[in-house]
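Beneath this line is the structure, given in structure tokens, with notes to follow.
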Amino acid sequence: MRASDGMPVVRSLDELTGLVRRHRGLYVRWSRGPGTDLAEVPSTDELTGVPLPGLSASPLDVEAWWADRPVRVWAARRLHDYAHLPHDKGPGVRPWVLTGREAGRGPDNEPLVADARPLCWIAPDVIEEAREEVERQERPWGPLRRGGR
């Protein structure tokens with residue numbers, strides 16, 4: 001199924017897991033979407049306002065050290081780690097998958113993706129599935145949300 005803007009929508013964690021298995025060089029970005037991101041200057045460092053050479057994103061590629069562990073858990077964790085961003089960044093922020101060229105690292109050591117090519121949105125139900133998958137694991141894990149003072 002397609003979103004209203006014509007970009008496909010990943011509707012299940014299994015569907016996202018399949019993408020991660022089949023393709024290398026995928027990233028997930030939490031923002032108001034490619035229509036906004038690609039029309040403006042790339043990401044900026046929130047602390048200093050310095051423009052960055054690409055869009056801040058999280059890699060979806062499975063690392064070699066993950067070995068033969070379930071790709072589904074890997075994908076779930078990649079989403080769950082940043083599931084707080086819609087709350088922190090405001091209305092309209094949601095995850096989408098892109099490809100592109102790594103142009104550097106941001107202040108949190110995240111990849112900065114230049115020449116971004118949007119692939120698909122990730123539906124809200126997938127985020128819920130990711131949370132449930134993470135909660136099924138033996139050890140507790142929470143999102144990478146920074147607390148204030």
Lys NZ or Arg CZ of R94 over W121 ring: under 6.0 Å, within 45°
yes
Here the gap from E15 atom CD to I122 atom CD1, rounded to the nearest 0.5 Å, amounts to 10.0 Å
Can you find a pair of side-chain heavy atoms, one from V134 and one from D81, that are under 4.5 Å apart? no
Looking only at heavy atoms, the pair that brings V28 and P95 closest together is CG2-CB, 3.8 Å
Here the pair of heavy atoms bringing C120 nearest to V10 is SG-CG2, 3.4 Å
For A130, the side-chain contact (heavy atoms from CB on, under 4.5 Å) test, sequence neighbours excluded, returns A76, L79
Exercise for the section: Carefully, step by step, assess D14 and T17 under the rule side-chain hydrogen bond (donor to acceptor under 3.5 Å, both in side chains). Expected result: CA-CA 5 Å; D14 286 339; T17 300; 4.9 Å; no
Of all heavy-atom pairs linking W96 and G33, the shortest is NE1-CA, 3.6 Å
Taken in chain and number order and not counting sequence neighbours, the residues that satisfy side-chain contact (heavy atoms from CB on, under 4.5 Å) with R136 are R72, E132, E133
Sequence neighbours excluded, the answer for side-chain hydrogen bond (donor to acceptor under 3.5 Å, both in side chains) partners of D125 is none
Between W30 and A83, the two heavy atoms sitting closest are CH2-CA, 3.8 Å
Residues 52-62, side-chain donor-acceptor partners within the protein, below 3.5 Å, at least two apart:
residue: S56; atom: OG; partner: E110; partner atom: OE2; Å: 3.1
residue: D61; atom: OD1; partner: G25; partner atom: N; Å: 2.8
residue: D61; atom: OD2; partner: G25; partner atom: N; Å: 3.1

Can you list the steps and then say if D88 with V93 is a side-chain contact (heavy atoms from CB on, under 4.5 Å)? CA-CA 9 Å; D88 291 356; V93 171; over 6 Å; no
Between R29 and S43 the two heavy atoms that sit nearest each other are NH1-OG, 3.4 Å
With sequence neighbours left out, the residues meeting salt bridge (charged side-chain N to carboxylate O under 4.0 Å, His left out) with E46 are K89
Indicate every side-chain donor-acceptor pair of residues 99-106 with a distance under 3.5 Å to a residue at least two apart or in another chain.
residue: T99; atom: OG1; partner: R117; partner atom: NE; Å: 3.4
residue: T99; atom: OG1; partner: R117; partner atom: NH2; Å: 3.3
residue: R101; atom: NE; partner: D115; partner atom: OD2; Å: 3.0
residue: R101; atom: NH2; partner: D115; partner atom: OD2; Å: 3.2
residue: E102; atom: OE1; partner: R105; partner atom: NH2; Å: 3.4
residue: E102; atom: OE2; partner: Y27; partner atom: OH; Å: 2.9
residue: R105; atom: NH1; partner: N109; partner atom: O; Å: 2.8

Applying side-chain hydrogen bond (donor to acceptor under 3.5 Å, both in side chains) to E128 and not counting sequence neighbours gives R131
Sorted by chain and residue number, the ring pair (Phe, Tyr, Trp, His ring centres under 6.0 Å) partners of W74 (sequence neighbours excluded) come out as W65, W66
Scanning both residues in full, the closest heavy-atom pair of G35 with A39 reads O-CB, 3.3 Å
